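First comes the structure, then the notes that go with it.
Just so you know, these numbers come straight off a predicted model, no measurement behind them. Residue numbers start from 1 in every chain, and the chains themselves are labelled A, B, ... in the order their sequence lines are given, proteins ahead of strands. Values below: every heavy atom of this structure, side chains too, minus hydrogens, waters and symmetry copies.
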There are 2 protein chains.
Amino acid sequence: MMSAQARRSRPSARGTLSREAIVAEAIALADREGLDAVTIRRLAQIHNVTPMALYRYFKDKDEIFDGVAEGLIAQIALTPLTEDPWQDQLRAVLEAVLAALRPHPTVAGLVPTRFLDSAAGLAIAERTLELLGRGGLPQDKAAEVSGYLLSGLVGMVIVEPGRHHGSDADEREDAIRERMASLIALPPRKYPNVVQAAPALAACASPDAYYKLGIDILITGLLGVTTHL
Amino acid sequence: MMSAQARRSRPSARGTLSREAIVAEAIALADREGLDAVTIRRLAQIHNVTPMALYRYFKDKDEIFDGVAEGLIAQIALTPLTEDPWQDQLRAVLEAVLAALRPHPTVAGLVPTRFLDSAAGLAIAERTLELLGRGGLPQDKAAEVSGYLLSGLVGMVIVEPGRHHGSDADEREDAIRERMASLIALPPRKYPNVVQAAPALAACASPDAYYKLGIDILITGLLGVTTHL
DNA sequence: ACCTGAACACCGTTCAAGT
DNA sequence: ACCTGAACACCGTTCAAGT
């Protein structure tokens with residue numbers, strides 16, 4: 001039913017096919033139905049084309065995922081480098097990364113291992129290394145930290161409490177309610193803190209506050225670590 | 001050839017089949033050949049059994065992955081709660097999580113979203129919440145932070161520079177060399193920091209130091225955030 | 001209770017053609 | 001240059017039997 005709609009909604013005037021178009025539909029499909037729904041055959045169907053047609057644009061399925069990651073990274077909006085304090089500028093970078101990834105939690109996991117394979121990712125890595133260097137981190141530590149910051153942000157997006165694959169609001173509420181019920185049903189003598197924290201473990205009261213706290217911990221931690229050197 | 005070996009190496013005296021045995025082989029298979037190699041049919045072959053036999057023990061493939069996550073989490077060794085400073089005890093928890101996940105980087109990503117579904121995971125969550133509470137974090141913040149710590153650790157394991165699927169040492173070196181070459185070939189005017197940091201971006205000089213720095217940042221960040229409340 | 005066997009729908013991918 | 005069509009090996013999973 002949904003797939004019939006999708007088949008219909010893309011008339012695909014011959015010649016529309018391109019890397020960008022395929023990647024865009026792959027991201028949209030993953031957002032709607034999860035990463036497993038992204039198959040070569042489904043993508044071909046969406047573009048009104050034979051599965052083999054996609055092989056003109058991508059060597060194999062893995063390259064499509066590379067393209068998806070690159071597409072996400074390309075949406076990270078980097079502001080110009082200034083003479084502002086490094087920690088403020090680094091915070092802006094982290095916020096930009098989150099802003100690009102949060103709308104696409106099911107594909108965010110593709111990003112970290114592919115970050116240095118695209119120009120956009122290299123630009124962000126370059127900026128991050130520059131800012132960490134200004135903060136006093138030696139090059140090798142800065143390299144480790146840059147990867148760590150990125151994967152930390154991606155991790156926050158993936159485990160955001162109450163998030164659920166498929167943007168269906170009812171399913172989301174059901175999943176939260178179910179998790180909540182299973183947590184408050186635990187023996188409070190054995191898991192007092194878990195039971196008390198059940199609402200916060202099951203769903204995020206404020207996603208913005210959740211992400212702000214995560215960034216605060218990272219930046220504060222970096223400040224502490226750099227001054228200890 | 002490898003799969004023929006695997007077929008041969010498990011005589012499977014009838015009655016050997018069990019959730020634990022299937023999960024153990026699933027983890028071992030993922031470690032050897034990556035998560036995609038873990039299929040119901042491959043697992044059945046390893047246990048000298050028909051694919052359908054596994055459905056006695058798992059409702060579907062997703063439940064096998066749940067079992068794999070639970071198996072990893074069960075290997076996290078939790079020491080008894082004491083009156084030591086909370087940050088020291090929290091560090092010990094984080095180190096225990098890393099010790100369990102590091103040997104299994106290809107399946108580590110299964111853990112965060114399934115953490116609260118097993119008794120072992122709940123015990124660790126309970127401990128973490130207790131320690132964060134001692135540190136002065138309110139319950140709801142502690143819940144967010146506990147998830148964030150976990151996903152941060154998993155992220156570190158997944159993106160550890162120079163890590164590569166399949167424990168083959170030659171392949172690993174080739175991958176590192178290739179990444180290294182592509183980075184130092186970049187225009188140094190555009191990416192001065194990336195080019196300089198190329199060795200550290202391509203591979204970890206000391207994985208232990210890499211993980212220690214990550215934990216330091218998290219703990220230091222937490223200390224800073226809690227004292228600011 | 002535990003396992004098999006045949007079948008179905010779907011998958012990525014190769015090869016050889018078509019225009 | 002760009003797309004099709006048939007085929008192959010492999011998947012998860014259902015249903016119906018076997019012992």
Nearest whole Å is fine: how far is [N] [atom2] from [X] [atom1]?
| X | N | atom1 | atom2 | result |
| --- | --- | --- | --- | --- |
| A:L35 | C:dC11 | CG | P | 14 Å |
| A:N48 | D:dC2 | CG | P | 19 Å |
| A:I22 | C:dG12 | CD1 | C1' | 15 Å |
| B:H47 | C:dT4 | NE2 | P | 13 Å |
| A:D36 | D:dG12 | CG | C1' | 11 Å |
| B:E33 | D:dC11 | CD | C1' | 16 Å |
| A:L54 | D:dC2 | CG | P | 14 Å |
| B:F58 | C:dC3 | CZ | C1' | 16 Å |

How far apart are the C-alpha atoms of B:V49 and B:L43, what are their side-chain angles, what is the distance that settles it, and do they pass the side-chain contact (heavy atoms from CB on, under 4.5 Å) test? CA-CA 9 Å; B:V49 110; B:L43 290 174; over 6 Å; no

Does A:T50 put a side-chain nitrogen or oxygen below 4.0 Å from OP1 or OP2 of D:dC3?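 Checking A:T50 against D:dC3: no side-chain N or O falls below 4.0 Å of OP1 or OP2.
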
Produce a footprint string for nucleotides 13-19 of chain D: one letter per nucleotide, 5' end first; B if the base is under 4.0 Å from any protein heavy atom, S if only the sugar-phosphate is, - if neither. BBB----

Applying salt bridge (Lys or Arg N to Asp or Glu O under 4.0 Å), which residue pairs with at least one partner in residues 178-189 of chain B are found, sequence neighbours left out?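 Listed by first then second residue: A:D117-B:R179.
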
Residue pairs involving residues 194-213 of chain A (criterion salt bridge (Lys or Arg N to Asp or Glu O under 4.0 Å); sequence neighbours excluded):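 Qualifying pairs: A:R102-A:D208, A:K212-A:D216.
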
Checking A:R41 side chain against A:P51 main chain: does a donor-acceptor pair fall under 3.5 Å?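 Pair absent, no side-chain N/O of A:R41 close to backbone of A:P51.
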
Note every stem involving DNA chain C: at least three consecutive Watson-Crick or G-U wobble pairs, i with j then i+1 with j-1, with both distances under 3.5 Å.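 So far as stems of 3 or more pairs are concerned, DNA chain C shows C:4-8 with D:12-16, C:12-16 with D:4-8.
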
With sequence neighbours excluded, residues passing salt bridge (charged side-chain N to carboxylate O under 4.0 Å, His left out) with B:D60: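 Checked B:D60 against salt bridge (charged side-chain N to carboxylate O under 4.0 Å, His left out); zero matches.
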
Can you list the residues that meet the salt bridge (charged side-chain N to carboxylate O under 4.0 Å, His left out) rule with A:E130, with sequence neighbours excluded? A:R134

Does the side chain of B:V23 come within less than 4.5 Å of B:I27's, by heavy atoms? yes

Is there side-chain contact between A:F65 and A:V38, with at least one heavy-atom pair below 4.5 Å? yes

Between A:Y191 and B:L129, is a side-chain contact (heavy atoms from CB on, under 4.5 Å) present by the stated rule, with each step listed? CA-CA 10 Å; A:Y191 304 110; B:L129 292 173; over 6 Å; no

Listed nucleotide nearest any side-chain atom of A:R42, set D:dC3, C:dC11, C:dC3: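 Among D:dC3, C:dC11, C:dC3, the one nearest the side chain of A:R42 is C:dC11.
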
